[in-house]
Each structure stands twice: as structure tokens, then as C-alpha cells.
Amino acid sequence: MFSRDPKGSASALTIATALLACSPSIAADVVAYKVGRLWDGKNAAIADAVLVVNDGKIVAVGPNKTTAIPSGAKTVDLSSAVVIPGLVAAETNLTEAGRDDVRTIRPDVRAVDGVDDYADHSKWLAGGITTVQASPGARRLVTGQGTVFKLAGEPGKRSLREVESLRVLLTNASRNPPTVYEPPVGAVSVDRPLEPTKKQPGTTLPGAVSALRGLFRASKNPGKDPLAAATAPFLKQDAIVRIAADNAAEIRAALQLAETEKFNLLLVEPKNLETFASSFSRWKTRVKGVLLSAGARPGTIANPAVPERGEPRSKPTWEYAKALSAQVPVAVTPTSDADGPELLFQAGLFLRGGWSELEALKSVTSTAAEILGVANRVGSLEVGKDADFVVLSNDPFAVSTSVRSAYVGGKRVFDRKENDATTRISASGVWTGSRYIKDGSVLVQGKTIRSVGESGAVGEGGQGMRFPDGAVIAPGFIDLGSGLGLDGPASGISMSTKFAGKLHGSDRSFAEARRGGVTTTLLWPGGDSFVVVAFKLNDQARIVKEPAAIGFNGEGPLAATGERLRNALKSGKDYHESFIKYDAAMVEYEKAKKDYDAAKAKEDAAKKPEEKKAEPKKEEKKEAPAEKKEPPKTLARGDDDEDAQAGDPAKQKEGETKKEEKKAETKSALATEPKAPTKPTVNDAQEPYRLLFTGKIPAMVEARRLANIEQAAKIFRDEFKVRTILVDADDAFRRTEKLQNRDLAFALTPAFVREVDYETINLPQTLALHSLPIGFQSRATTGVRELPDAVRYAVRKGLGSEDALVGLTSGPAKFLGLDSIGALEPGKDADLVVFSGPPIALSSKVLAIMIDGKWVFKAEEDR
Amino acid sequence: MKHRMLGTLAGLAALVAAPAMAQNAVAIKGGKVVTMAGEPIVGGVVLIRDGKIVSVGKDVTIPTEYRVIDAADKVVMPGFVDVHSPRGVEQSSERNPNTPFLSIVDALDPSMEYFEECRRNGVTTIAAVPGDDTMIGSQAAVIKTAGTYIDQMVLKRRFAIKISLKPTPDRSRMSQLAALRKEFDAAKTFLEEDAERKTEDAKKKDGDKKGDAKKETPKAEEKKEEKKDEKSDATKGSPPASPVATPQIDALVRVLKGELKAYIYCEAAMDVPQALKLIDQYRLKAILCLGPNCYKAAQTAARSRLPIVLDPTLVFWETDPRTGEDKQIALPKLYKDAGATFAFQTTGFQGGSLFRQASLPPTVGTNYLWFQAATAVKYGLTEAEALQAMTVVPAKWLGVDSFVGTIEPGKDGDVVVLSGDPLKLATWVETTLVNGQVVYERSKDKKLEQLLQPKKG
């Protein structure tokens, strides 16, 4: 028992030590749960608590500081979680629901007979409910005897109370009992006539009450009557009759019955309590408890009744909870079995009525257990009680709290498995690629990011992973050109190279290269023209885009280079245009073909009745038959059409103009069957140009000298109008203004900061200042890991750290059209880097790297 | 009791065999005689005379008057025993949920093809048990599978009643159990009151009773039971204050007294603990019939040490609703691992007759007791255990182990000649004998011949 007074914790200690002393071998089975915050179900929460469990029972509980953990005990770290007692649902129909007995008064029916100890109750356990009361039947006056059992544990040992209370329904649900027909066995005869069906009592409230009164009176002296005998035990001093009563009349009837027949009443789900609000204090004598339901079904919407004129609006039940619980024990029950698993949510609604969190929690734990008479075993986390507890992600009534796992008898019976693939990564800051979130979290599900935001606002679930103070999460960096991927020198790459299956993720240099935070790179082999592939630095070397761009060499003597580039682009453009032409011709052809087919079909259709008609009308059209027998193709001629129309008087009546039009149309459409255009031959080496000219990929043109840069910009941007990234662009600082507003981007190579003409040139800074998008190329293999440091140096020499970060992440992702990477946004690939501080700070170390939702580097595990 | 039984059977056998005296002595010269009462005898001979086995052994001389069945290279086994067969009747389950006073014997039709199938497959003794759909079903009987009239076939007319924990459609399990308890409580009350009344009666007419008992001669069990009925009827009349045993109460009283066993059908695992509670509460002598889902309660069922009849579907697959993982459930393995003693039942020749319904695979499958046994061997039972589960084990449970279940002198001449090792796929029943009479010969089985002939056209 955890307690604030030292005496209590001392006793807990002695019990624990006594246990240890008498049987040291048991220590191996002792488990100590270190809990972030523990609610024991009776008192306020204790932070940093310990719960010690041995053989399914709690042997010690209390604050970590004052509670001794037996030596040899296994320790389970739940320090990031909140623990509450297993929830108790005080009324459910978790027996065989929906199969009510024919007879409306069946006090001898026992719910325990309908409990399936072998059933899987994961759905309820997932909601943190470990103990339930189950009632038999749902639509009869006296449905039978309830039972209390656990939802998990060894079959045969789950029952807590076989017989708990007698259940009576005074509500509308029981007002329609079926008539009973039980013919005697044997043939019908004069002596054994067929009897009519028998009506049952309880079709009205007074009828139900009088039937109950009769039953209770008979039970005072049951004799041989099995129904009375079954009822008698529930009228005793310590027994309970639970009566479901909805409206004021039913509640009053239930209260009066309890008063006159002298039994202990458990009032179930009363709704209209206005009338009784002033007299709750008088309930104490007979009412041993009230079960309230929120009346709201989580996640569903109902239409509340419009109050009658002059009648007060019926208030939600939670409005009475505080006043009622001051007088009698009040437990909260699920509104229906379907909502049972959401008991915690429903109890949370009662906070609106003025209950404290503790009171609301009690109503579904200790108080419910007391009402059900099982408080000696469950409902609170105290020494000697069963180790039934629930691990929550947060305090029980916090909005995004979820049940992580549930324990019954010290055994884990539920574990949130479906979210195993979900990881919640939290740090002091998250830089998403466009904004900075202080104290943020990234929720990763599978390979993608599901949510990014401030911690606590990213939704529930997920295995938590929190980085030390100061850590910042950033998107994985992009290197716009490395020599990685081919497990050797990057050679033999041409325009027709296909990379699928050729990239080696097992390349050991990958593990070295990604340590700096680069998660995606382009393979930059160099050469006159070649395709560029973008891939991840994970073990699968997953290709992000292929081709991601076409690389050109724009360096060299101006005239020759210009011609070479123009020729390459020209032939590429021709190739591209041949397909455009083909596509256009194809569209035209399809349209013509469609018209032709339609006309032909029409002709054929017109022809058929024509042929039939032709037989009897032979004299009229003597010259026709020869033509008719020709194949349908030749029939589709203008004069024949006229013939057909002539043969059809109805058609002849049509307007003259329409006929003319039609004639013309059919003539032109059917003159010849259209021919399909020939498809241009596919040339693998030219295929990337089609992507280039449709704007799907950019051209990456290497140019260093100013003249070359300007020539490249002119040819690619102005003449051929393709998306262009200038690579290297060493001299771009010289006439930066001229490169502005031309939709150019830059992939810069180290060193970014150089001494040129006795002047320190910081090229990234210069370009960034002119609002030109930049990215960075390492042109290295394992040296890829140094790229961020090279950029940090540029920052130290004047580049804005924001510009640097954009240039490493979202910038290139944008101008390369790599939509799935470069930012921490929902739906993007889960590529991220966790730094010990601001990503660009000199002091920052890489703590962990994730690619496609998998950790590929963790500093703490690094050796 | 045994004497009485033997007497009747001998009488019956004599009646049947009367027209052909020469045929009542049969010798089977077997390649291998699996007696189920010791080691198999290779090259053994079984002598059957007047319906009874007179001699079994290796060096047995065959007297000249014996008709010899040559079973060289073949295997001779005792006739198989089916411990739970709801077939051989037009409708296996009564619609009235409460009929312990009925007897299945009245509904059994020896001319049904089911019995022919039994003989074809070596099943010579069955417990004819009502189906699973009646709360308290009719009384089960133990019968042989050969005979023209049902009375010739009966071994035990009143053997057990059938109780089903599967609720009738208009009920829940809770109502079902409440109703069951109500019936048994009524019988219990009657029994207690009857006992009181009897002690009083015994005091009064002590002398009369002694005389009665002496007069009783060893007769058929059924006769004795009938007589008892008359007696109880007679005593019912004499003291006017005593309660009247309706047929319903009378049957249940017999169950409570242990004169009738109780087959208890459990549809789901949750029924198993309830069945055990009932058995414990009313001290029933029970045989558990467990549905496929009951495997979850295999440990509980095994701990009860009660006879268990497995579901006909011995192996099936289940999909875990949460993980979507498929799991194979092999009942024989699960129950064996749990330490249970069990026997098999068959699915029972679905579709009426295997010859009429050509679409069903007719010659293999769960219709056959030895297929069931062979399946069990595949999933962990030893061959010896499997053979016992077809013969001695059910014979013992049915209380007819002094007549059937083994090949031993003095037992009924129920013998099956198999073409090869039992539990092998290619083994056929060559000859079946019931009470020393050949009731099936494969060489004369025209139906099987037709079935196995390749179809023309």
C-alpha cells in the first residue's frame, strides 16, 4: 500500500522484505515497475513511483525514494508512462447477448453460465478494462443473476464473484415480453387440447412493479417455487438487487420497491434525475450505489430530443455526479457494450460535472469494484491486491492518452501492437525544412512521417523516443553529387544507363558517408551527357527518382561546347517532338477511327433491317439486290445510303437539311478507313530527353567559367527552355544579377569559400543574397559525411544558417522535383537527422539518423 | 449380469444360425492376428463357434467341420467400435428439447445404408446416440451393426442419455443451463423423497422383498430393466402419498443413480467447464463429446480424466482475428499433449449414401473410423494407441468390453479381415464377421466394385 504517512510505506517495506526473507527463490519472479506517474485508484497520483509485483499480487507500491525494491527483482522501466488500476466496468452484457430467455421472470438464470473463459477480450483490454460485471439478458423484467469476472487470465480462474446481484429492468426494454407457448409432449387430443399462448407480465410499469412485488413477497417464504427460491438470496442483508430505471417514474418505482421490500438497491443508468436532485441524501438507506452512464457514445452523433414546452431541458447525467457521489457510491458504466472499451473517455466526460480527475478515475476503478463487492481483489493498486493495472501514455483523462498495455495478475495481457511500427521522436526542436518548432515531435509510421508538431499535438500512440535537451530534428540532408553507389569508380554511365538493381547499398562506404547527416545523394559520374539518379544512403540504396536529371558538361571552348550542347539538345528535342507528333496524330486517328466505327456500325445496323425488308420488296428495288449482297464495307457508300433512306419512309420524312448534313458527314468519314500513325522507334539513350522537355526533370549543367555559365544559361534556359541547374558555377559571383529571375538553380561544389583575386568569395552567400536557390555537391565518396561541415564553414564565413539548411534539404528537393524528401512534413519519407544542437552549429554532433523510417545510425550504439 | 447377457446373445445367435448349422463354425487362418489383447500373432488362427470366439493362437488345429476363411497375408482384427454415432436414424435430434424418456432403439432402422457402410468399413459395434441439438436427448443404445431387426442387434438398450450444452435457437447458454439444472433438481428431489419413502417401505415389508429377489433369474439386461419398471410402477400405486415418477423423472433418476451414463456435448470451449460443473454437481457418469472449438479447453477436459470423444474434424485451420496469422489445429495432438484419453467419431457418410452422391469423395476421409485413427497417428498418437482407440477403449467406455473389442476366447465373433496393415491408406476390409456370421465380403461387394470401376464414356 502506498501511503503518504510513513507508517504505511514502512509496512509495505516489511511485507516485501519478509517475502524475500522467507523464500529467496521467489525474488526471481518479483518484478518492479518503475512508473513515471502512478494513480492507485484511491489517492492522488504519485510521480516517480514503484510498483512491485510478486506472483500476481502487489507486494509494494509507493514513491521510488521510499519504496525498497527487493534485490534480484526484475525491473521494468515505465518511467515515461502513467499507470492506473485496471478499469472496472460495473455493467455489461458480455455474456451471450441478444438471446434472451422466452420467460420474462428468470431469477434462476445465471450470467456465469454464459461467460466464455476462453474468449479473447483484447478489444476491452485495449481500453484498459480488466474486470467487468456481466448481466444475463437485455429485454426481460428479471433477467437473472449477474457475475463479475476478469477479462484475461487462466481459464477457470477469471471469475471474481460467480453470483453478484439480481438484475431487474424497469425500463422500456423489458416492456415487450413474448407470449409463451409450451405445448405438452405428446399428441393433441380431447384430453390434451392445444392451448393458446400465455401472456407475460410487465407490459406496463405498474404491471412490472406488481409482478416484481409478487416475486419479492413470494421469496420471503419460497417453499418449492424455483423462481422464489432463486430470488430469496438477493433480498438478504448483504445482497444487492440492481434495477435499471430510466425516467423519473421508473426511478421512483425502483426506490419504493427497495423501501417496501427492504432490499439493497443498485440503481442502474438513471437518466432524468432532476426530480430527485434535492433528495439524494434520503437515498442513503437503501441505495447502495448508482451506476451512471455518460449517455454519449464516443465518436457517434445522436440527435438529442427537443425539450417539451415548459419542461426543463434534461441535463446530462454528469451534472448530478458530484451531488450524487457525496451521498452514495457512484460508478460510471459504458453506455453500451459497443462503447465499453472507451470507458475512460466516457468517465472523462464526467469531469464537466465538477468531478476531479481522481473522482472520475475512482468511478471506474475503486468505487466500481466496491459496488460489485470485489474491492478486496481489484480496483486499486494497494499491497495485497491483484496486480491488474494499465499502462497509459499520459494521465488518464488527458486528451490524447492511449492504453499502451494492460496487465492482469502481473501478466501482460495486452500490448498495443498495431502501432509498433509507429515511432514518436521528440526533441527540444524540430526544423521541418521551412519552420522551427520548439519542443516538437515527429511521428513516424512505417516509412513515412505521419505527423509533425509540438509534443503532445501529434496524436496518440507510438513507441516514444526522446532525445536529450537541446537536440534538434532536421530533415535528412541532400548531396547533389557524390561518387557513391556503384561499389567502385563511377564510370560507364551514359544516357541509357538504368540504375535499378545496380546500386549497392551494401557498399561499406555508405555507412561512413551518411554519418554527417546526408541521407539522399545524386550519383555524379561526370561526362558530356549522362543520366543522374537520386537514391537514399540506406542499406537498400533505395532509388528516389530515376532519372532525376540529365547531366551535361558545359565546360570547354565556347564554340565547340555550344555546338555540342545545342546538337545534343536539338536531337533530344526532335526525338521528343516526334513523340508529340505521334501522340497528336494518334489522338486524331482515334477520333477518326471512332467516327468511322460509329458510322460503320450505324450502316450495318441500318443494313440489317434493310436486308430483311429487301426480300418481300423485290419488285420495288430490282437493281438493289446485287449491291446488298456486297460486303458491308462497300455498302457504306453515299448513294447506297440514299437507297437505304429511300427504303425507309420514316427517315425520308426527316428534314432535308439534316439529311444533307448527314450525307456529307458519312461520306467524308467513311471514304477511307483511317490509318494508325506509326510509332517512332524508342531510343533508350534519347528517352530522358522526353522527361527533360516535358519539364519532369531538370538539366544539370556543369559550368565553371563565367562565359560557360552564361552560355549554358542561354542555351538551356533561353533557347531550349528546360529547367536548369548550374553545377559548380565557380564564377557565378561575378555577374550574379544577370543570372537572377531566370529560374536557375545552383549546385555548388567545395570549396564554397575561396580566395579569388585577393578577395574572399563566399559563393553560396552571394547566390543566396540574390535569392538564387542553392544546393551542395560533395563530389566525394566517404567524404559525403564532410559536406555539412563544409557548409558550416560557409555559414561561419557569412552564409545565413537558414539558407544553408534550406540548401541542404528543402531547396534542392524542390528544384530537383524530389517531392518525397527534403522536409519533415506528413506524408514525406521518414528521413531525418537528430543533432545534439542547432543543425548548423559547430558544436552539434549527429545523434541519430533515420532513413525510410529505420534508424541507420545512433551515436549511443556507435563503436 | 454377464451371464444374462451371454444367455440372450447365445439365444439370438442360435436363432439366426439355425437354418445353416454347418456355418456356425468358422476358422480364420490369418497372416497376422492383431488381438488387441497382447502381442499380434503371426500366422494365427481364430476359431469361432456359435457366434463366440472359442480359440485364438498359432498352433490351433482346425477341426474338420469348420468353414475356413483363408486370410494368409492379411491382418485379422477385432471389429471396430464407434463410441458415438448419431446415425442409422431418420432424424438424429429430437425437436422437443427435453426427451430423456425416449429410446433411440425405437428409431434405428437396420435397413439404412449406414449399417452397410459400417460393415464395409469394419465397424461392428456402435453406440447409437442422439444428435447434438436436443438439450436432454433420448437414450442411447449399444448395438451391433448387422441384423435384420433391431432387437437382434441390441447389446445394451439403455446405455446413456445425451445432454447438449449447445443452446436451442431460442435460448442462451444461461437459459439452457438453468433449464438443465431445473430438470436435474426435480429428479434429485424425487430421488431423495423416493429414498425416504423406500426406507419406510423396507421397514414395513421386509419379508416380501427377499422372496422377490430370489425369484429373479439371470435374463437379459433389458428384461430386468423392464421388470424394474414394472416393479416401480407397481410400487408407485401402493402408497397414495408418494410422488409419481413420470417417464421424464424416471429417466433422469436413472442418470443420477448412475444406471445411465451421460454423453455431454460441448459446442464451445466455454461449455467444457460448465459440463464439468454439472457432472460434479449431479455426480454424472459422463462421456464428453467435444466440438472443434473445445480444443482451447483441452487441459481442463484432460484434467477431468473423463472419456472424450473428439470432433469428427480432427485437423483444421484457424485465423487469428488480430494478427491474421493462420494456425493449424490438430485435435489429436492437442488432446494427447494435454494427457486426455480420447476416441474418435466419424462425420458419418454425409449426403445419405456415398454411392448416390458421386460428387463426394467416397472412399477416403473422416467418414471412416480408421482414417480418423490414422490421422491421429500422423499427429502424434502411437499406432497402438490409435488401434486401441478404435477397439478396446470404446468397448470399455460402452461397458461391452466383455463382449467386443478384442479377439479372445469367449468374446463375440466380431472379426475384421483387412487386406493389409491397419492404418495404411491402401488397406481394405476383406471380410467382416459379426457374431461369427460373415456379414461383408469385399469379393461380393457389387457396389464397391461399381464404384471402383473406371467410368465408361
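Below, read A as the first sequence line, B as the second, and so on, with proteins coming before strands; counting in each chain starts at 1.
The two residues A:Asp113 and B:Met174 come nearest to each other via the heavy atoms CB-CA, 3.9 Å. Between A:Arg106 and B:Ala178 the shortest heavy-atom distance is NH2-CB, 3.3 Å. For A:Asp116 against B:Met270, the heavy-atom pair with the smallest separation is OD1-CB, 3.1 Å. B:Ala269 and A:Tyr118 get closest at one heavy-atom pair: O-CE1, 3.2 Å.
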Using distance only, find each side-chain donor-acceptor pair of residues 100-109 of chain B under 3.5 Å and give its atom names and separation, not counting sequence neighbours.
| residue | atom | partner | partner atom | Å |
| --- | --- | --- | --- | --- |
| B:Ser103 | OG | B:Val105 | N | 3.2 |
| B:Asp109 | OD1 | B:Ser111 | N | 3.0 |
| B:Asp109 | OD1 | B:Ser111 | OG | 2.7 |
| B:Asp109 | OD2 | B:Ser111 | OG | 3.3 |

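Of all residues in residues 327-343 of chain B, none places a non-hydrogen atom less than 4.5 angstrom from a non-hydrogen atom of chain A. Using non-hydrogen atoms only and a strict 4.5 Å limit, the part of residues 277-292 of chain B facing chain A consists of B:Lys277. At a heavy-atom cut-off of under 4.5 Å, chain B is reached by A:Lys224 from residues 222-231 of chain A, listed in order of number.
Within 6.0 Å of the NZ atom in A:Lys447, the count of heavy atoms belonging to other residues, nucleotides or ligands does not exceed 12. Atom CZ of A:Arg103 has 12 or fewer heavy atoms from other residues, nucleotides or ligands within 6.0 Å.
Partner of B:Ser175 under the side-chain contact (heavy atoms from CB on, under 4.5 Å) criterion, out of A:Val102, A:Asp100, A:Asp101: A:Asp101 alone.
Considering only heavy-atom pairs separated by less than 4.5 Å from chain A, the leading option among B:Leu165, B:Leu177, B:Thr189 is B:Leu177.
We find that B:Arg181 and A:Asp108 are not joined by a salt bridge, their nearest charged nitrogen and carboxylate oxygen being 4.0 Å or further apart.
Put simply, the side chain of B:Gln274 gets close to the backbone of A:Val112: a donor and an acceptor are under 3.5 Å apart.
The contact between A:Pro136 and chain B is made by backbone and side chain atoms together, counting heavy-atom distances below 4.5 Å.
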